[in-house]
There are 2 protein chains.
Amino acid sequence: MIDPRVAGVGLTHFGSHPARTSRDLFAEAGLAALDDAGVDPADVEGVFYGNFMGEIAEHQGHQGPLMAEAIGVDAPATRYESACASSGAALRQAVQNVRNGEADVLVVGGAERMTNLDTAETTEALAIAADDLYEVRAGLTFPGAYALMAAAYFDEYGGEREDLAEIAVKNHANAVGNEHAQFQREITVEDALDAPMVADPLGLYDACPITDGASAAVLVSESYADEHDLDAGVAVTGTGQGGDKMALHDRDALAHTPAASDAADEAFADAGIGTEDVDVAEVHDCFTIAEVLALEGMGFFDAGEGIRAAAEGVTTRDGDLPVNLSGGLKAKGHPVGATGVSQLAELTKLLRGDHHNSEHVSDARVGVAHNAGGTVASATVHVLEIQE
Amino acid sequence: MIDPRVAGVGLTHFGSHPARTSRDLFAEAGLAALDDAGVDPADVEGVFYGNFMGEIAEHQGHQGPLMAEAIGVDAPATRYESACASSGAALRQAVQNVRNGEADVLVVGGAERMTNLDTAETTEALAIAADDLYEVRAGLTFPGAYALMAAAYFDEYGGEREDLAEIAVKNHANAVGNEHAQFQREITVEDALDAPMVADPLGLYDACPITDGASAAVLVSESYADEHDLDAGVAVTGTGQGGDKMALHDRDALAHTPAASDAADEAFADAGIGTEDVDVAEVHDCFTIAEVLALEGMGFFDAGEGIRAAAEGVTTRDGDLPVNLSGGLKAKGHPVGATGVSQLAELTKLLRGDHHNSEHVSDARVGVAHNAGGTVASATVHVLEIQE
């Protein structure tokens, strides 16, 4: 069992591209990844593709074959859908398949087209990631769901809106210089606190934006990398997946995400590392509170301790554990199906040293990506490491 | 590398159940499969689930976690979507994961809810499996697409509507006695020829119906089967997947399905068998012409020779290669996301000897399942064999 190498990564700009189809977006990201890898599309043996709401946003299901064709690949292609963890789920399976010798070269990625819908339509479309019968029909949308989780956290552990604002401030600062990011500008705590309330206690700056974009990566076996003399020094050394009950009311607690804990436990054991070995992380901050729950769920902080991590500088770019140096979903943007592999792309560049924030983590050797679906009914965690 | 065993299978009735959600349907099929297997839900390590159009039909994406919960399984769950090959794609990955030691016990299956929409809505929803920009907006629907393929076949190789009618007659006859089938009644060639034309040369009886239903199977490692003394004598010994360009106009020919050929070549090589070893097959007859293309594509007949197979009795239940003893998509029905694993369930029962048509294939030891998406832009083929 030999860990797959990340031979190349590619991203579109994340932002508002209402006239671009998913296939157009993915073509750009996929071809960029193949180019970055120096891999011939004819060598690709499969495409593992994440997409969440193409049926609704652009009347297009069955996107796997479309995406393979868009990047000049003549190989089987399958679409994975786990809500906002769609390309995380695709990544996990691609990692397992390369590791197990099912393939030597795979393209993994995702895309989402969202801004061609109006905001109300998008909110309704996003709600299909929740339980339609028992949550959505009762009026719950995702800002409301995460607001419940934030309120439960505050109630159980304390914390306040300023703490969440510090997370938004951090992630906006990290996005400055990221040419792929939707918001390449800083904000202040005051900006966040003064912004309109979306769902108490979450304001506008506690929520990620609506985003179009695509991501891709080329995973190869070690033997393929060696034979083709590829510059592929980053490996995926751990993969984990967790699941939870879909509806919030069916869970034991609102301020915990056991699916993320399960995924992290599995991924860290798989890689043979502990939280103390991790130098940098990309986590699924669809809302600021989600970053807190992710970091606590994965064991980086005890329950109740993660809320102050940004404010205290632990997770800022010069802290002990820089989190979301990409800008995160908050500032880089969240084209749903693309996010999981976007995190992989960002971490790969951080570990390779060609990221806009590389100077802040020049010694980083181990990175972790956390991708979550819905209110974390699905989660994947992946560990990336520089190989000797 | 040891082939996974099919420990148990479960199916709902395939038919019109407009008030039942996908989760309700899958709960019935999944629990039936677990019961058939004698496997404790607590032992299940993952759910691989196929669904095609839940976002549109019931405003429900992210169905993986819902389905795990519906069958009492606390494990990660992922939804696969490859149009009509959705659960075939899920099955392939589950087979690979058990074979490679990623898991000892997995549930694989699928569900689709369709009849709660009206027929026009369903036709429009099904069209998301085609190329929206270049096929659907030009007015192409699936009956039209398969009519083009049938017309091209007739033009290239000959054949006539009576030949296709014989396929429908055969599959309807096979469905009699299948308690899961939508149409448990025989038809005549005259019935088929006299029925309304849908898209020339395809009439009403050349098309599969619109169907609600679910399917499930429990796959286990050989060691788990042995340890738990399971009655699991059928193994999945071969898996293959193929892809093709999405739109018909981008292909070299309309009367061939190279994705199915690629999938079959891979699956047969994987199992170490040839077409001559196959005793019984379930193939994706969404339209009668699709059965012909499937059988030729997989190499059971030379191009142009498959059209007469039913009329000449080769593929009837007492012929050399009985095809679609379930009734096929034509008569058993086609709840899109459920079909791939439904074929697995039917073959498993045929090989075990507890199928309503078992008496016709009492010596069968090798079965093949062919599942296709769209106009066969996606295809999976699986080989099942009785183990000594």
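To find a chain, count down the sequence lines: A is the first, B the second, and so on, and within it residues start at 1. Small disclaimer: the values here were computed from a predicted structure and weren't measured.
- Contact of A90(B) with chain A is not made at all, since no heavy-atom distance falls under 4.5 Å.
- Residue with the most contacts toward chain A among G64(B), A89(B), A77(B), S378(B): S378(B) (heavy-atom pairs, distance under 4.5 Å).
- Within the 4.5 angstrom heavy-atom criterion, no atom of D262(A) approaches chain B.
- Proximity to chain B at a heavy-atom threshold of 4.5 Å picks out E69(A), D74(A) from residues 67-74 of chain A, in numerical order.
- Contacts of E124(A) with chain B are made by both backbone and side-chain atoms, with heavy-atom separations under 4.5 Å.
- Contacts between residues 80-88 of chain A and chain B, defined by a heavy-atom separation under 4.5 Å, are made by Y80(A), E81(A), S82(A), A83(A).
- Side-chain contact between V44(B) and L106(B) is absent, with no heavy atoms from C-beta onward closer than 4.5 Å.
- Annotation: side chain of D212(A) is not in contact with side chain of P335(A) (no heavy-atom distance under 4.5 Å).
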From CA spacing to verdict: ring pair (Phe, Tyr, Trp, His ring centres under 6.0 Å), H382(B), H370(B): CA-CA 7 Å; H382(B) 287 90; H370(B) 159 281; over 10 Å; no
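- Residue T380(B) does not touch chain A at all, counting heavy-atom pairs closer than 4.5 Å.
- Interface remark: R23(B) contributes side-chain atoms only to the contact with chain A (heavy atom separation under 4.5 Å).
- Note that the SG atom of C286(A) and the CG atom of L126(A) stand 10.5 Å from one another [nearest 0.5 Å].
- In the model, E58(A) has a side-chain atom that pairs as donor or acceptor with a side-chain atom of S22(A) under 3.5 Å.
- If you tally non-hydrogen atom pairs under 4.5 Å between each of V47(B), D244(B), V136(B), N97(B) and chain A, the highest count goes to N97(B).
- Of the listed residues A247(A), G101(A), A127(A), G373(A), the one with more heavy-atom pairs under 4.5 angstrom with chain B than any other is G373(A).
- In this structure, no portion of N51(A) lies under 4.5 Å from any heavy atom of chain B.
- Counting heavy-atom pairs closer than 4.5 Å to chain A, the top-ranked of the candidates G243(B), A130(B), G61(B), G374(B) is G61(B).
- In this structure a side-chain-to-backbone donor-acceptor pair under 3.5 Å is missing from R79(B) to F48(B).
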